[in-house]
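Bear in mind the structure is a predicted one, so any value in this text is a computation, not a measurement. Throughout, protein chains are lettered first and strands after them, A, B, ... in sequence-line order, and every chain is numbered starting at 1. Note that these values count all heavy atoms, side chains included, but never hydrogens, waters or copies made by symmetry.
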There are 2 protein chains.
Amino acid sequence: MKKVITLFLLSSLFVYSQTEDEKMLNNIYETALTKSKCYDWLDYLSNTIGSRLSGSKSAALAVDYTKGELEKLGFDRVFLQEVMVPKWVRGEKEQAYIEIKGKKINVPICALGSSVATSKKGLKSNIIEVQGIDEMIEMGEDKVKGKIVFFNRPMTPIHIQTFRAYGGCIDQRSSGAREAAKLGAVGVIVRSMNLRLDDFPHTGNTNYGDLPREMYIPAAAISTNGANLLSDSLKENPNLEFYFKQSCETHADVLSYNVVGEIKGTENPNKIMVVGGHLDSWDLGDGSHDDGAGVVQSMEIASIFKNLGYKPKNTIRVVLFMNEENGNRGGEKYAELASEANENHIFALESDAGGFSPRGFSIDADEANFAKISNWKSLFEPYLIHYFAIGHTGVDIGPLQSKHIVKAGLQPDSQRYFDYHHAANDTFDAINKRELELGAATMASLLYLFDQHGID
Amino acid sequence: MKKVITLFLLSSLFVYSQTEDEKMLNNIYETALTKSKCYDWLDYLSNTIGSRLSGSKSAALAVDYTKGELEKLGFDRVFLQEVMVPKWVRGEKEQAYIEIKGKKINVPICALGSSVATSKKGLKSNIIEVQGIDEMIEMGEDKVKGKIVFFNRPMTPIHIQTFRAYGGCIDQRSSGAREAAKLGAVGVIVRSMNLRLDDFPHTGNTNYGDLPREMYIPAAAISTNGANLLSDSLKENPNLEFYFKQSCETHADVLSYNVVGEIKGTENPNKIMVVGGHLDSWDLGDGSHDDGAGVVQSMEIASIFKNLGYKPKNTIRVVLFMNEENGNRGGEKYAELASEANENHIFALESDAGGFSPRGFSIDADEANFAKISNWKSLFEPYLIHYFAIGHTGVDIGPLQSKHIVKAGLQPDSQRYFDYHHAANDTFDAINKRELELGAATMASLLYLFDQHGID
């Protein structure tokens, strides 16, 4: 009999708890869809402040603006964390053309982040196409020396999750210049990481690693249409020349900040749950998807909880990281300070995959915690959130280590992401208000469930 | 022992069959993402032919074009079904303004489909705002007579599936003019069915029902920004006047066509599976999402099967229906001819909810068949297709009745759909190639599974 009663109690407890959770998630989504501020915040970040490259004036404005907005949201404290960040400046608009027998055909390029400039006159040379670093190394110094190397391996269309296709190409952008320089190349042109055929060059960081500075060679991205034209032209005229000119510069590091808002936990103030995105962006668009969306969604969570009068048991920190794009200094600084202060981080959630319709979460956890989170799936079903899988969660929260930390990354629908990523068309008009709000609600829901039911 | 062997055989059969299905779905998605023609077809339909309102020259061009493309795809036969369709013509661009003490403020409107014109000079009158037909009826003839009625109930943002919000508003557009006319109103202005605040008026059909023709009153949609402005202005000046002018006309019915491509089933040629979308569109944009996407996705299925050398057991008909938007004459004609010929339709699948990233299917089936389809869910998981629920499937396949027919409607992500629906911005640039292809692959996969495993 006792067993029966226990079972009964347990099951009614379960039903009660389910119902409370269901009600709370419903309230979270309704609040996000009717009272959210995230779209207006993003409008300001994107259209009034604009792109926010680390070390720029507008990045500093974004720090001031978001700090001010966080202060209006009733956090227990809002503070800045000092971070020294690189300052790379694009300079004048880049120029490039293909020259075939004296005839010049312009193509759209942009310097890769951290790249050096060409000489003031620009750089003209023969160009060789490769499908990747390995192919170039196999060719050897003889064929590479004195030439521009054109890395043209496209994102493969067959992956349903486009980040997988991105992962399959990115070494060309991040390491292509370094490896080409070792073989005596004079410059590098990289096919834009874009699944679409269009005229936007997509920037992103390149990394010279431990090459001596005098060996650095200029690197630029070419639009996908431009890459196809160049490839076709090379098939007809292997000896064509490619010209490009860019005047980018790396300045001394600059003082910048992570912006942090903290709500003290009512029961476990020393257990910390981080939620964030990155404040900095590339300089070509206005960084609405990457990662203005993640910034305002993270802020929105605090707004939703305030609206609902929800006091978290554990401490919540909304962290707007600086410098994800070309250094991750903000993510590293946050982790360093957390470690120095012996803080106990139990959860970290990042949104840095665009402001599109949310599908679920990638999760970094041990088996038991992953199973626990997966058990919450049914609670998300009414909101069409279905994706819970082990995977990469976020660059900014990457360095954060703690004994039992669970990490998660919001996974929006990824089909359109690389149409905009790091390009001039990553702008506010590509954002749908409801999709942005649904992402914030989905994050708030996971944070709430985590706060209520903790980890094992 | 025998039992064990039977179980073993059954389970290995099951494993085999799963593996074959998994392989086939993988091939379908890869083919769609690498060899599809749907994006190019839609480019032609949208950018070369343009909007395809029933009875228009461009609708006729779309019949010719799609028939020609189907003929290239190796169908056993391609044929047209004659359908008489209404011909409504918008005429000159509509004009509207709010007049407050002699000051005129222009607002964006468009005539509702099937509406009558105003007089040539236009119509100016006092205007009263209501939240719906019931509220208007409650006001009574006294307050309505001689006035324009402004139906301003917005789509509610809280529904995750935006079609539900649409369903909660649509009576204002479809029946508002008829009901207002009965109370002596002189015109009707309806808030656009759009969840976004913008300047696009969204058309759609209005239905005078059995009102005598002399009682018809002109009806137009106003953009959501315009509706808010009008509502605010009315709060300040309840006596303001509203002016609008439209010159739309209904002509005599016109001969048009459903376009049908048929692949004869190898095992059950008399069992028919229909897949389709509608060829006609509203006249303001180019009908890329509504429903050019559904048309080219349906065509793509045949292309995918041809590419893979897949010969269906049951007969497949790709049906491009005419006149979904303002009459559903094509859907009715198809059903009528099927019934006359005593055809056995076992399955009908429609795509008419936009070309966005697919999430799953709404299904109209009995419990056993719904359970069977739901069992295929795990096969769709790698493609992030998760939504299988009983619901409305499609207007065109609605009239089709057969003893054991199962119907399904592709359900793409619905968040952005009403940003474009029936408006001037429903254009090709709002289509993402991969999303369109993934929708086609998702439809082809369901059709394949249905063909292989049938219904109970």
Quick check: closest heavy atoms across A/Arg359 and B/Ser357, and the distance to 0.1 Å? NH1-OG, 3.8 Å
Show the nearest heavy-atom pair for residues B/Ile158 and A/Glu30, with the distance to one decimal. CD1-OE2, 3.6 Å
For A/Phe151, what residues pass the ring pair (Phe, Tyr, Trp, His ring centres under 6.0 Å) criterion, not counting sequence neighbours? none
Among B/Asp413, B/Thr34, B/Leu384, single out the residue with the greatest number of heavy-atom pairs under 4.5 Å to chain A. B/Leu384
Given that the side chain runs from C-beta out, which part of [X] has a heavy atom under 4.5 Å from chain B: side chain, backbone, both or neither?
| X | answer |
| --- | --- |
| A/Asn432 | both |
| A/Ala389 | neither |
| A/Tyr387 | side chain |
| A/Asp419 | side chain |
| A/Glu437 | neither |

Show your reasoning for whether side chain to side chain contact (heavy atoms under 4.5 Å, CB included) applies to A/Lys433 and B/Leu195. CA-CA 9 Å; A/Lys433 181 171 179 280; B/Leu195 282 151; over 6 Å; no
Taken to the nearest 0.5 Å, the spacing of B/Arg434 CZ from A/Gln415 CD works out to 4.5 Å
Using the rule given for side chain to side chain contact (heavy atoms under 4.5 Å, CB included), can you reason through A/Ile160 versus B/Leu438, listing the C-alpha separation, both sets of side-chain angles and the distance that settles it, and then say yes or no? CA-CA 9 Å; A/Ile160 304 298; B/Leu438 288 170; 3.7 Å; yes
Which bit of B/Ala430 is near chain A, if near means a heavy-atom gap under 4.5 Å: side chain, backbone, both or neither? backbone
Determine, stepwise, if the pair A/Tyr29 / B/His159 fulfils side chain to side chain contact (heavy atoms under 4.5 Å, CB included). CA-CA 9 Å; A/Tyr29 276 91; B/His159 300 303; over 6 Å; no
